[in-house]
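Because the structure is predicted, anything quoted here is derived from the model rather than measured. Hydrogens, waters and symmetry mates play no part in the numbers below; they use all other heavy atoms, side chains included.
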Amino acid sequence: MSNFLLNTLLSHHPDPENLFSTLCWPSTSRPDIEKVEALTVLIKELSNKSQEERFICKVQSVIWNQCMPLMQTISSADDGGKDMLSAVCGLFAVCVSTCQTHDVPEKVSQVLLPVLLSRDDGNHETSRFDMDVAIEVTAVLLSSISYDRDIISRTLSCTLCCVKDLSDSVISKIIVRIWFTILKSCDKDSESEVLHQIWDDLLSWHQRDQTESVSARVLVCLTSLSDHLYSSETSQTRPDPRRSQRFFRAIQAGLIHKDSVTRKRALYLLTRCVALAEIKKEDVFTSEEPNRDEILFRWTPEKKQLLREFWEDYALVLETLEENQIHVIRPVLNRIDMLVETTATDIQGGLFSPSWLLCVYQRMFHSENKAVMKEGVNHLLELKALHRPVFALAFSQFVIGPLMDVLAESSLYHRALQQNIRDCPELGVKLQMFMVNFFKSLPEENRGSVLLQLVQRLGSRHWCAVPLLFLSQALSCLSPCPLLGSDGLHAFREVLRCTMITHQVLLRGASQCFLLRAALCLTDVITLKHICKWMNPSVSGQVQRVVSMATLALLCDVDDRGVLNYRSEAMRTLHSLTDYFYPSSSQHLNQTLLKPTSVTIRSGQRNFFIRDQWTCLSFLQKSAGTLRAPVASEVLRAAVDALALLPGHLVLPVLDFMASVVPQVVQCDESLCIEAICASWKVVQALSTNPHDFWSTLQGFVRLAFHQGLLQLTEEQNHRITACIQQIVTELMELAQVRSGVFNVLIQHCCETWLPCGAAEGLQSDVVFSTALLHLDILTEACVYGPVFRRDQRLVQEVQSYVEQLGDSCAANTAVNSDNRDDQFPRVCVLAFLCRLNPSNQLHQRLMEELVQRLLRKDAEISKSKVRYYSNSIQHRVKNRVWQTLLLLLHKLRPEFVSECVLSHVCEAGFCSNQASVKYLIEWTLILVLHQNPSRIQNLWNCFSLDHEKTKTSICTFLSVLVHLNVLLPKLQDKAQWRRAVEVSLQWCFSHNFSIRLYALLALKRVWELEDARVLPEEHLGALTTVVQACLQQAEAMQNTGNAMKNWSRIQDHFFFSAFNPIMDYSVEIIFHIFPLLSELAEDEWLPLWKFESFVDFPIGAALPLKNSVTDLCEFQPGDWSQQDKGGLEQEERWAEVQKKITPWKLSVQVQEPELMAQQRAARLGKLTSNLLVVASLIDKPTNLGGLCRTCEIFGAKALVLDSLRHVNDKQFQVLSVSSELWLPMLEVKPAELSDFLQLKKREGYWVIGVEQTSNSQSLRDYTFPERSLLLLGNEREGIPANLLQLVDVCVEIPQHGITRSLNVHVSAALLVWEYTRQHLGQNTGS
């Protein structure tokens, strides 16, 4: 209500009290907003005229009877509640101002403050204030009264309690509305008192509780108060951040916080503090606990330059680490080196605390990007400054804590690209050097305590196998020195007891060995006397039986190893025991020891007694040979019973005995044999989680179930037992998928059984070998075997290979037999088996042919399946292994078989969609087949004659074969085939597909260059010569046409078309190692030569050598034909340019008040704006508007004008604006209303500037923007309409030097907005 209306109303109502009463409302009702505003104006008017006690009482009555009840009914969530709250707060403010000399403010505060301290307990009584309403009313109260120390002190105490418990959104409102209001109403002395109360409370809270949530909340509050804290005024009572140790502890906690906004707040506070120190030019340092703590911050004017450079670099490093991109971060690592060197050089002077460097490293350790994390770890491990005792001691707790935590990340230990599988990972090597240098650098008196804490840290958490292995190895490298006592031994025991229970057995054994070595070298322990107690004499008779049986078993074992002379007395004595173990009845077998009456013999001794019986039986069975059928069946039944009696780890002698007896019993008692095999298999399965005994038991079982006597059984004669064995093969293969090494045992046994190394050929050997034909599924599976591991599983396999190559230097290799557990062993074993096959032996030839057909069918099945076929997938790998095996066997196969059965499949495979590595193998196979069978060259020409829709880009496979025509031509009797090759290549040079044209041009070039093949004079070739030469000239002309030039050069330099020779490079090394390497197959798919040489006795043949005689191809590197970045970045210079994001404005409070307008929200956070208006009502594309919104917000424009505010909700707009619309005022002006809007702004003093090219436009380079500028942007297509151009004061254009007519409208606007900001920088805007 205006004063004019109010005066008119008063003139018609001479009694103001009557009007006052009329405008009041009952406390239980809710008035209209207009009525509240009218009452507000009335009281304000009357308060200027009257201060009578009666009037004051009426005003107090309004507070308690109208304002307070009404405010209790308002909720911030209600529709219209905000407008009503604004109106009633205006009334309340007028009333409080009128009554402030009385006790009204005190009573109101007593009502409001308990509301702030209340918690949301689900009680929503109408008598309680809404929290948001209470905050707003408290702010109004404080702004309406003069400074009252008591009320303000209690309000601060209350709100400081709220800060610790309430939500972020509520805290933001308390800070903005209450704290800022209090500070605004204070004089300088009072302001210092208020700041000191807040400062001390927050930092004391953080000192008591340094959790992440507390750090984040404290930094929110401190950042919001930064303008007050960093005042240039000097006061003894005012908090000085530069001198507070607790403040910098909070800063450091914020710098390593997981929340990015909290980190930015901490860095903002730090940089403001440095700037303040530089402005004040005082010698200051933190001094709260000078005798206990290191000095965290110090400023000396004499060293201003050094200090400024250090903190600028420090801020740059931390800002860059926010990017989480290694290519952005790596260039600033040299800045970290400079920070470290500066700190280390001045460590005695106290200018720089090493704890700031620890924040940088911990920030890298917490990075979401594992590459950044690894860079941080490597950088710290290579830190030369740690060689200084003082620096090493300063870092000791960080090494024990955060460094140990990050070293638990297994992914850090992957090999570098240039390393081999059996090499120690780079991090493992660096860790060893770091431990040695670090403990050598520590002061002697601190080494023992630091080492003890480090070992205790190892035992305080669960570790994965790989990190613990390399940490243990690093500890074992320390120089022998008695640094630890009994506490150290207990700590090592905890590591052994608690941290490695579930680890892979070899890695666990290696870790234990390294830890034991470290314990022996680093502890000073009194040797304890171990006392052995013999068993009670009362059980001497039982002991004699145990010892006797164990002695017999030991003699049998020694004889098995060939130590005893066959004619020795001991051997004769052993053989004389046959009647004892094979009496008329086998009931005494498995007989246990008698239980003595006084002392019970341990059950383990009874089990060993039974085990030793079967050890002797197994020995006698091997020596005696065949048993009589009744005796054999009876003893086999006893063996099955023994499997049930004995624990799994003692059944191996029973399995060995059964392996020699089952083939004798199978014809007379097949059911018993099946029972024996099934019972044995259950024992093996039960031991699958016991790595110590599983492998030896599995080997014993394989010798039993796959004994050559059982393998010879046919399905027609013994279908039950053959079905049982086939089922076990299936289950073995399933187990092999989850347990590495299982299939290795089976395939090694089968290959040695079917074709023993060095065995002479003969009838008996053929009988044994023929059983392989009955189990081709095992051989087929072995040819393509190899699970695809996850990255973490592959790491364990690689580290296990590293431990194995340590040999005897790691005792675990002696204690844990891990031979032949490699997942590539089955392939190496079967490939060696295939290479030993004799092509002249019909059985061998039959096996090879059937195996080839099975492999070709497997390849066809994969090609026809609908399973996704991507690079390095299991389908890709299986196909690659199939064609590698076919290449290996090709020289052994009969030419007739290759022509009739193989060639057509190879051609068909060439038309399938294949990965590059498979494609190269198919092409190589086709070349070798045609080289072996030149008469079948027509099959190649037929491939070019098929329907073009079927061929598509697959025709490149056959064009690749033509590139190697020089290998085939010498074998061809019809030399006219050369012309056929020219014609075919020429035909495909005109394909619409660029890749096909490229392959065809290369084939044409190579074929045309074969001078010896030109049997026809050029005149007989006719026009063909002209066309060929034109095509080749076109190919050479590509060298000047950008991408075509690159592709033409690449294909010619590719290994398959340059260094590769299909005949000279036919070797195991090329097929299984070099080709996969150059084809960019995953490294775990390569089969290096050392595996063929160490895993098996690989035959050396002239037709297929193991090692390639020509080294050209071996010297190629993957990607040699393409431009690639190799190696790390060069060390950057001191001031090398690095990518840096500017931290926007102040990041003061994370305001969560969606009800505020953007301008209010920005103003409350201290964001400064200019007087620039940007009018974009003529633009209709959301992407342009979103980008423009972001630009205007960044450079602090006053507002952005759109044709409709609906654009703000558009997803395309939001993608480009990245939430900038929350901080920039947005106005809606329709294009039809633009004329009136521009005229209004001109009357307000704005200078209307059109962004347009006109005859009178001025250059942006020369134009000076008025402070009150309005940029009018034109439509993307039509620009600014003529009617609006008449209202423009000036048009500004951007100078251009190119051909294109104009810039994008958003780009044009951005250039003008920046130029305006540049000209007015420092006047109205924040930089």
Completion exercise
P402 and Q362 have their tightest heavy-atom pair at CG-OE1, 3.6 Å
Practice task
Ignoring hydrogens and angles, state whether a donor on the side chain of H1320 or N1171 is under 3.5 Å from an acceptor on the partner side chain.
Solution key: no
Fill in the blank from the handout: dist L296:CG -> Q245:CD (nearest 0.5 Å) comes out at 4.0 Å
Exercise for the section: Without swapping roles, check the side chain of R263 against the backbone of H257 for a donor-acceptor pair under 3.5 Å. Expected result: yes
Handout entry: Under 3.5 Å donor-acceptor, S1170 side chain and G1196 backbone
Key = yes
Problem - Heavy-atom side-chain contact between C221 and V163 under 4.5 Å - result: yes
Completion exercise
By side-chain hydrogen bond (donor to acceptor under 3.5 Å, both in side chains), H228 pairs with (sequence neighbours left out) E191
Handout entry: Donor-acceptor under 3.5 Å (T300 side chain, E302 main chain)
Key = no
Practice task
Quick one: pull up OG in S143 and CZ in F180 and give me the separation to the nearest 0.5 Å.
Solution key: 15.0 Å
Handout entry: Selection residues 200-215 - residue pairs positive for salt bridge (Lys or Arg N to Asp or Glu O under 4.0 Å), sequence neighbours left out
Key = K164-D201, D200-R246
Problem - Student check: side-chain heavy atoms of T211 and V214 closer than 4.5 Å - result: yes
Fill in the blank from the handout: Here the pair of heavy atoms bringing C161 nearest to L117 is CB-CD2, 3.8 Å
Practice task
Flag the pair L276 / W299 as yes when at least one side-chain heavy-atom distance between them is below 4.5 Å, and no otherwise.
Solution key: no
Problem - Pair E319 + K264: basic N to acidic O under 4.0 Å - result: no
Exercise for the section: Ignoring hydrogens and angles, tell me if any N or O in the side chain of T342 forms a donor-acceptor pair with the backbone of M338 under 3.5 Å. Expected result: yes
Practice task
Compare all side-chain heavy atoms of L380 with those of L386 and state whether any distance is below 4.5 angstrom.
Solution key: yes
Exercise for the section: Only counting residues at least two apart or in another chain, list the ones meeting ring pair (Phe, Tyr, Trp, His ring centres under 6.0 Å) with H196. Expected result: none
Practice task
Among residues two or more places apart or on two chains, list those pairs meeting salt bridge (Lys or Arg N to Asp or Glu O under 4.0 Å) that have a residue in residues 357-368.
Solution key: E322-R363
Fill in the blank from the handout: Note: S226 and L269 closest approach over all heavy atoms is CB-CD2, 4.1 Å
Practice task
Please name all residues satisfying side-chain contact (heavy atoms from CB on, under 4.5 Å) with E409, sequence neighbours left out, ordered by chain then number.
Solution key: K370, M373, S411, L412
Exercise for the section: Starting at CD1 of I198, measure out to CG of L203 and round the result to the nearest 0.5 Å. Expected result: 11.5 Å
Problem - E136 CD to K82 NZ distance, which is reported to the nearest 0.5 Å - result: 11.5 Å
Practice task
Tell me, with the steps shown, if V332 and L321 meet side chain to side chain contact (heavy atoms under 4.5 Å, CB included).
Solution key: CA-CA 9 Å; V332 303; L321 288 177; 5.6 Å; no
Problem - Taking every non-hydrogen atom, the tightest pair across S144 and V96 - result: CB-CG1, 3.9 Å
Problem - Counterpart residues, salt bridge (Lys or Arg N to Asp or Glu O under 4.0 Å), relative to K188 (two or more places apart) - result: E233
Exercise for the section: With side chain to side chain contact (heavy atoms under 4.5 Å, CB included) as the test, would you mind laying out the steps for R330 and T320 before giving the verdict? Expected result: CA-CA 10 Å; R330 193 174 281 130; T320 307; over 6 Å; no
Handout entry: Listed partners of Y230 passing ring pair (Phe, Tyr, Trp, His ring centres under 6.0 Å), at least two apart
Key = none
Handout entry: Main-chain N/O of G254 paired with R265 side-chain donor or acceptor, under 3.5 Å
Key = no
Handout entry: Minimum side-chain heavy-atom gap I152-V194 below 4.5 Å
Key = yes
Handout entry: Check against side chain to side chain contact (heavy atoms under 4.5 Å, CB included), W199 and S244
Key = CA-CA 10 Å; W199 173 268; S244 174; 3.5 Å; yes
Completion exercise
Taken in chain and number order and not counting sequence neighbours, the residues that satisfy side-chain hydrogen bond (donor to acceptor under 3.5 Å, both in side chains) with Q197 are S157
Exercise for the section: Hey, could you give me the CG/OG1 distance between L255 and T262, rounded to the nearest 0.5 Å? Expected result: 10.5 Å
Problem - Any side-chain heavy-atom pair of I151 and T155 under 4.5 Å - result: yes
Problem - Non-hydrogen side-chain atoms of W205 and V218 separated by less than 4.5 Å - result: yes
Exercise for the section: Check the pair K1198, C1192 against side chain to side chain contact (heavy atoms under 4.5 Å, CB included), reporting the backbone distance first and the verdict last. Expected result: CA-CA 8 Å; K1198 185 173 184 178; C1192 291; over 6 Å; no
Exercise for the section: Could I get the full list of salt bridge (Lys or Arg N to Asp or Glu O under 4.0 Å) partners for R154, not counting sequence neighbours? Expected result: E106, D150
Practice task
Report yes or no: does S396 contribute a side-chain atom to a donor-acceptor pair with the main-chain N or O of L393 at less than 3.5 Å?
Solution key: yes
Exercise for the section: Kindly give the heavy-atom pair with the smallest separation between S367 and V372, and that separation in Å. Expected result: OG-CB, 3.5 Å
Practice task
Flag the pair F297 / F352 as yes when their ring centroid distance falls below 6.0 Å, and as no otherwise.
Solution key: no
Practice task
Could you tell me whether a side-chain N or O of Q1214 sits under 3.5 Å from a main-chain N or O of V1208, the two making a donor and an acceptor?
Solution key: yes
Handout entry: Sub-6.0 Å ring centroid separation between W311 and W356
Key = yes
Handout entry: Which residues share a ring pair (Phe, Tyr, Trp, His ring centres under 6.0 Å) with F92, sequence neighbours left out
Key = none
Exercise for the section: Side-chain contact test, heavy atoms from C-beta onward, threshold under 4.5 Å: evaluate it for F365 versus D405 and give yes or no. Expected result: no
Handout entry: Contacts of D187 that satisfy salt bridge (Lys or Arg N to Asp or Glu O under 4.0 Å) - sequence neighbours left out
Key = none
Exercise for the section: For I135 and K173, work out which heavy atoms get closest and say how close. Expected result: CG2-O, 3.8 Å
Problem - Spacing of CD1 belonging to I251 relative to CG belonging to L270, to within rounding of 0.5 Å - result: 6.5 Å
Practice task
For H366, enumerate each residue passing the side-chain hydrogen bond (donor to acceptor under 3.5 Å, both in side chains) test, keeping only those at least two apart in sequence or located in another chain.
Solution key: none
Practice task
Test side-chain hydrogen bond (donor to acceptor under 3.5 Å, both in side chains) on S215 and Q210 and set out the steps.
Solution key: CA-CA 6 Å; S215 298; Q210 297 186 10; over 6 Å; no
